[in-house]
Amino acid sequence: MTPQPSPFFDPGAQSVAGSLGVLQLKRDHLIPAILSASSDSDYAEGHVENTRFGSYPHSTLLNQPWGTQVLASVVDTGSRSSKSKKRKRDEGDEGENGGDAPTAKAGQSKSEVVKAERSRSEVVKAATASSGFAHLVPPTPETWTLCLPHRTQVVYTPDYSYILQRLRVRPGDHIIEAGAGSGSFTHASVRAVFNGYPWESNADEETTAKKRESKREGHVYSYEYHAPRAEQLQKEIASHGLDSLVTVTNRDVYGDGFCLDSEDEPNADVIFLDLPAPWQALKHLTRSPPSPAVLNAVSDASADASDTPQPTSKPFRSPLNPKSTTRICTFSPCIEQVTKTVSALRSLGWLEIGMSEIQAKRLEVRRERVGLQEEGLRGANPTAATVQEAVQRLRDVEDRAKAFHGLQKVKQDQVMRRAEAKKRGEKTAAATSETNGKSGAAKAKLDALPPSKHDRLERAKRDLERRALFKEGRLVHRTEPEIKTHTSYLVFAILPREWSREDEDKARKKWG
Amino acid sequence: MHSYVRPNTHIALRLPSGQLKIVEIAPNTNINLGKYGTFSSNQILGRPYYLTFELLDKDDGKSSPELRVVPASELHAEALGSDYAPPAEATDESVPAEGATGFDIVGEDGEVIMRNNRLTVDDPSRQTLSMEEIEELKKAGAGSGKDIIARIMASHMGIEEKTQFSLAKYTLRKSRKYMKRFTVLPLDIGMLTEYVTEKEAYKIMELREETLGLICSWANVHCASSSRILTAEDGVSQIGGGRWLVVDDTGGLVTAAMAEKMGILYPPTEEEMEGSEEAEEAATEAAPQEATLTTNVPTETTETVESNGTQDVMVADTEAGAASTTQNPPAETSEPRPSTRKPRQHIPQMSAQANTLTVLHPNNQPNISHLKYFGFDTGNPVPTHPLYTHLKSVSWLQLLHPEEDPSYIEPETLTDDALANLKSSKRGNYYKKRRRWEKTKRVVDETRAGGFDGLVIATGMETKTILKEVIPLVRGGGKIVVYSPNAEPLVELCDYYSKDRRAAYIAREFGPQQNGTSKKMKTEPEDDEDDEGTNSTENGDDDDDFPVNPTLLLAPSVQTARARHWQVLPQRTHPFMTSRGGAEGYLFTATRVLPVEGKVEARGHGRGKKRKVGPDAAVPS
């Protein structure tokens, strides 16, 4: 039986059971899930991913073309633990899970009925909820970086993409990664070195016997000091179908170096050190045993590691590929670490030493709407957009004020007149008719006036329905509110192939 | 890859001034470095990359100067100033040891008092050597330039007054000017980018190394030589298989960067893994013979292989394999294969089915001239180069209106008899035409069938028009990456995929239907955004409002990254004082998705949370 290809490299046309899929809810909100068709779950619908944006049973995610928009389903999220309490708690749950499943009650009770009737072995077909959706996307190192379980600081895409680019990591390379951490760099680097699975070349032995000689499969050698983390990473790697491409080793590389039991491992071309003290690991990354003077110089740089008597019992074996140029990158947040690392690199004869930091940011794109028509609306600036608009608004206010004061005056006059008439004892009938006529005129006058604030708000709301907001306003962009101003300093260096006098003589003979 | 200098490849030489010089290195030729001198190519062939060589005095009777490898410790000592010199390496004896004493111009008397610049006199007359005298020294042709520098330093009156740091700087500056040295570097993507950036950055749209890295990461570019060949639900088109679409106005740099990640950029090198030196030797001897053989291939073959999707992935692989095995002659030449003279099976160009790049281009031929640095000449591609089968090109005309393209129209078929009566040259022509047509038809048809894993665009063209045509060709879950030197085009593009616009689009497409026949989803306006622009269709041109289908992309976002480079010297660590300005370089990224037919309600906080406007809320919220 040949193993399934990893969904990271070849996800296939659609999602399959037992393989990793990613549910994308928002741009930075993704949920990884090993899709499962089995029913051994507390839910009637089998395995379910519950999110703020609805519940997604795996049955709705399986065998879907990648990229499909998946609608949320009605899943009873409140009553899975104890069936007896289920009905009693039902009402209360509805309220509690308001944000989680503000779905039609009818749908929920229906699913319960179905649940009650189902036989334990089969997965209930989920009913579609009235709202909520997500997209099912295949995993990539980028999506994985956004949704992986954080164990340590994560190496993010702008950093690892630059590191892999600058280290010239290519398919077929062997890469050492020390300080595996959360595994984001592991996934990115295995993509960079991948050029086939070892089991492929074993499969059809006779045709590829010769090819295998010449083809070298890319491999990631990952070292992690922290045993539970190493174990966790190993599990993840296996569930992602990458275990034939990544070797996770739980080891203290400062003391024990990088060589594995097998003779030709790691045979590294590229090294990435995400360690607190990379200079302490560097002494193990040489082509020939470093001289005591150099070792002293290196360990001087690290006062705490001064007592490192070289274990001379074992014959020296270099973890580096003798036939390639070795490239290294160390990833340290502090400048003091950089100085120590660089001076150790210099002592050990590395070349082209350089240090960089990556400053990355994302842009927020929005439409900025300004103008009096925005009064009372959300997400817009309701001040006057132009001088003309401002002037017009001032005029309007002035006009209204004038009319208002005029009315006040008329009213006052009326009152005065009435009072006078009363004093004089005139008939009141005429007066009332007069006022009636007058107030009517005043009403008419008011209508002709610019609208009141209340009216304006009403109108803005009404207009909103006819406006195409998506193309209104000015298109602007700005840096997103949260930026990572510093991730780490990246130290790069290169160790050329060893070049001895014999090599030089040979080359001279060959090329004259 | 790139561990030592091979003949007939492009290499980069870094001169003391920091400039890069690219040369195609052929055996038995002289390489001229201008004022730094001339040397023979044979002196660096076969030597490892990243070594720094020093041109030494001409010995009498020798035409070209000797080269000396400068050990790492010496290089570092210069950069650091002598106080911080690392201990000499244990591996130092590997160098033709002649000047083991090294570079000791910075004569330190051992005193450790800290000097400062209070007494520094800023006056050019403190250098007592006149320009003429220096010119004289240079003419005297004294070897590596060390002695010139030593003389200059010796005749500087204020040299003792200099602080240790300024002395180091001074020495470095002088050595940049007078040292006769160069460093041999492999010409890879990073080096080519650096080289072009310095000369004519606009030609590569001012791409930087970090941007290239980002592009390839977000496009999920990787080697897919072992991907399965799968047919989509329609039973005809291929889906996935590690195929990427590229629109490249950078002269092929983006294509090359992607090809590097896919493992198809560099021609297979014979010695790659073979252990013994003899194998290498034999291989290089056999190489020329191989070259002559392959150039004949297109004309001598009479059989064309139809690759109509009947082949599986192994074919694509074995083709590449076949190419590489012929390059593995030590074992191969004695193989029972009848004879290498037998006409080899014709490997049709652009025939690989997995792990391919398809370049879409506005002219008849794609402009991917930068690939020449990697041994791939588009005018005359070598069949052994992986790009020969894995790089495909389709013009916009072929993509959109293939029937208008003459090379897509089938040339007449001749009967065997008629063919037999033709002159051999005519017959050759006939086959050539047929093969060209077959190639065009195959590539155009498979491109139009779609199912690509990703799309990478770096172009000055109006991107929305490209996306409109090409997005449907990308498979669900495929990645879209658009590069632009400036933010504005991408901001605009992002706006075409904004949440509000998408809502309006959905309302326009599915609104009436939903009101008429009650679909399974009920409308429950929980947000005022549902009302927004529902009637937009009445008052606007469709194409202006919706130049692209905004529902096809998920999570569109714009980002940028810049590497800031630092100087790291003991007690002198800081970012470099100056660097290159110019375009910042932005990336638009998104994922192709397959939207559900009909109107879909988002679920979320509605009014509860502060409402976001813009693309970061473009995904359901």
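Letters A, B, ... are given to chains in the order of the sequence lines, protein chains preceding strands, and every chain is numbered from 1.
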Worksheet item: Taking atom CH2 of A/W66 and atom CG of B/D453, what is their separation to the nearest 0.5 Å?
Response: 13.0 Å
Practice prompt. Identify which part of A/E352 has an atom lying under 4.5 Å from any heavy atom of chain B, answering side chain, backbone, both or neither.
Written response: side chain
Discussion item. Less than 4.0 angstrom from a charged side-chain N to a carboxylate O is my criterion; do A/R168 and B/E209 meet it?
Written reply: yes
Worksheet entry | Residue part contacting chain A, namely of B/L490, when any heavy atom lies under 4.5 Å | neither
Worksheet item: Is there a donor-acceptor contact under 3.5 Å from the side chain of A/Q69 to the main chain of B/V596?
Response: yes
Fill in: Which of A/G218, A/A72, A/P141, A/G12 touches chain B most, by non-hydrogen pairs under 4.5 Å
A/G12
Discussion item. For A/R27 versus B/S557, what's the shortest heavy-atom pair and its separation?
Written reply: NH1-CB, 2.7 Å
Discussion item. Using a 3.5 Å distance criterion without hydrogens, assess whether the side chain of B/H76 forms a donor-acceptor pair with backbone atoms of A/W350.
Written reply: yes
Practice prompt. Return yes if some donor-acceptor pair links the side-chain N/O of B/D500 with the main-chain N/O of A/L469 below 3.5 Å, else return no.
Written response: no
Worksheet entry | Interatomic spacing from CD in B/Q43 to CD in A/E504 - rounded to 0.5 Å | 9.0 Å
Worksheet item: Considering only heavy atoms from C-beta outward, does the side chain of A/I335 approach that of B/W566 to under 4.5 Å?
Response: yes
Item to complete: Indicate yes or no for a side-chain donor-acceptor contact from B/H222 to the backbone of A/F9 under 3.5 Å, with no hydrogens or angles considered.
Response: yes
Practice prompt. Before giving the answer on side chain to side chain contact (heavy atoms under 4.5 Å, CB included), spell out for B/S226 and A/Y197 the whole-Å C-alpha distance, their side-chain angles and the decisive distance to 0.1 Å.
Written response: CA-CA 8 Å; B/S226 58; A/Y197 304 92; 4.0 Å; yes
Item to complete: Hey, could you give me the CG/NE2 distance between A/L490 and B/H565, rounded to the nearest 0.5 Å?
Response: 10.0 Å
Fill in: Residue part contacting chain B, namely of A/A380, when any heavy atom lies under 4.5 Å
neither
Response to the item:
Max heavy-atom pairs within cutoff under 4.5 Å with chain B, candidates A/D269, A/L475, A/V342, A/L136, goes to A/L475
Discussion item. Does any part of the side chain of B/T573, heavy atoms only, come nearer than 4.5 Å to the side chain of A/V338, both counted from C-beta?
Written reply: no
Worksheet entry | Criterion side chain to side chain donor-acceptor pair (under 3.5 Å) on B/N42 and A/R508, from CA distance to verdict | CA-CA 8 Å; B/N42 291 355; A/R508 245 175 231 187; over 6 Å; no
Worksheet item: In terms of heavy-atom proximity below 4.5 Å to chain B, should A/I353 be classed as side chain, backbone, both, or neither?
Response: side chain
Discussion item. Quick check on A/I494 against chain B: is it the side chain, the backbone, both or neither that has a heavy atom closer than 4.5 Å?
Written reply: side chain
Worksheet entry | Most contacts with chain A, counted as non-hydrogen pairs under 4.5 angstrom, among B/N220, B/I239, B/L185, B/L230 | B/N220
Discussion item. Restricting to non-hydrogen atoms, name the atom on B/L569 and the atom on A/R346 that form the minimum distance, rounded to 0.1 Å.
Written reply: CD2-NH2, 3.7 Å
Worksheet item: Which bit of B/R592 comes within less than 4.5 Å of chain A, counting heavy atoms only: side chain, backbone, both or neither?
Response: backbone
Discussion item. Just verifying a value: how many Å separate A/L351 CG and B/L51 CG, rounded to the nearest 0.5 Å?
Written reply: 7.5 Å
Item to complete: Check whether B/P595 gets within reach of chain A through its side chain, its backbone, both or neither, counting any heavy atom under 4.5 Å.
Response: both
Item to complete: Heavy-atom distances under 4.5 Å only: say whether A/P11 touches chain B with side chain, backbone, both or neither.
Response: both
Worksheet item: If you tally heavy-atom pairs under 4.5 Å against chain A, which of B/E210, B/R562, B/Q559 wins?
Response: B/R562
Practice prompt. Select, from A/E502, A/M355, A/E472, A/R362, the one with the greatest count of heavy-atom pairs under 4.5 Å involving chain B.
Written response: A/M355
Worksheet, complete the sentence: Nearest heavy-atom approach of B/S217 to A/T157 is CB-CG2, 4.2 Å
Worksheet item: Side chain, backbone, both or neither: which part of B/T52 has an atom under 4.5 Å from a heavy atom of chain A?
Response: neither
Practice prompt. Pick one of side chain, backbone, both or neither for B/T591, based on which atoms fall under 4.5 Å of a heavy atom in chain A.
Written response: side chain
Fill in: Any B/D545 side-chain heavy atom under 4.5 Å of A/F470 side chain
yes
Worksheet entry | Smallest separation among heavy atoms of B/L214 and A/P158, with atom names | CD2-CA, 3.9 Å
Fill in: Structural part of B/A487 lying under 4.5 Å from a heavy atom of chain A
side chain
Practice prompt. Identify which of A/E368, A/R191, A/Q14, A/R287 forms the greatest number of heavy-atom pairs closer than 4.5 Å to chain B.
Written response: A/R191
Discussion item. Using heavy-atom distances under 4.5 Å, tell me whether B/E488 contacts chain A through its side chain, its backbone, both, or neither.
Written reply: side chain
Discussion item. In the structure I gave you, are the side-chain heavy atoms of A/Q165 and B/I189 within less than 4.5 Å of one another anywhere?
Written reply: yes
Practice prompt. Check each atom of A/R166 against the heavy atoms of chain B and say whether the ones under 4.5 Å are side chain, backbone, both or neither.
Written response: both
Discussion item. Are the side chains of B/P570 and A/T339 in contact, using a 4.5 Å heavy-atom criterion?
Written reply: no
Worksheet item: For B/G46 and A/W499, which heavy atoms make the closest approach, and how far apart are they?
Response: O-CH2, 3.4 Å
Worksheet item: Which value, rounded to the nearest 0.5 Å, describes the distance between A/W511 atom CH2 and B/S41 atom OG?
Response: 8.5 Å
Worksheet entry | Interchain contact, A/T326 with chain B, by part (heavy-atom threshold 4.5 Å) | neither
Discussion item. Can you tell me which portion of A/V22 sits under 4.5 Å from chain B's heavy atoms? Options are side chain, backbone, both or neither.
Written reply: neither
Worksheet item: Distance only, no hydrogens: is a donor on one side chain within 3.5 Å (strictly under) of an acceptor on the other, for B/S3 and A/R497?
Response: yes
Worksheet entry | Heavy-atom closest contact (B/A72 atom, A/G349 atom, distance) | CB-O, 3.6 Å
Worksheet item: Judged by modelled atom types alone, do A/E142 and B/W218 share a side-chain donor-acceptor pair under 3.5 Å?
Response: no
Worksheet, complete the sentence: So, the part of A/F8 with a heavy atom under 4.5 Å from chain B: the answer is backbone
Worksheet entry | Part of B/L212 within contact of chain A (heavy atom distance under 4.5 Å) | both
Fill in: Residue, of A/N195, A/D28, A/V137, A/V476, that accumulates the most heavy atom pairs under 4.5 Å with chain B
A/N195
Worksheet item: Is there a donor-acceptor contact under 3.5 Å from the side chain of A/R170 to the main chain of B/G263?
Response: no
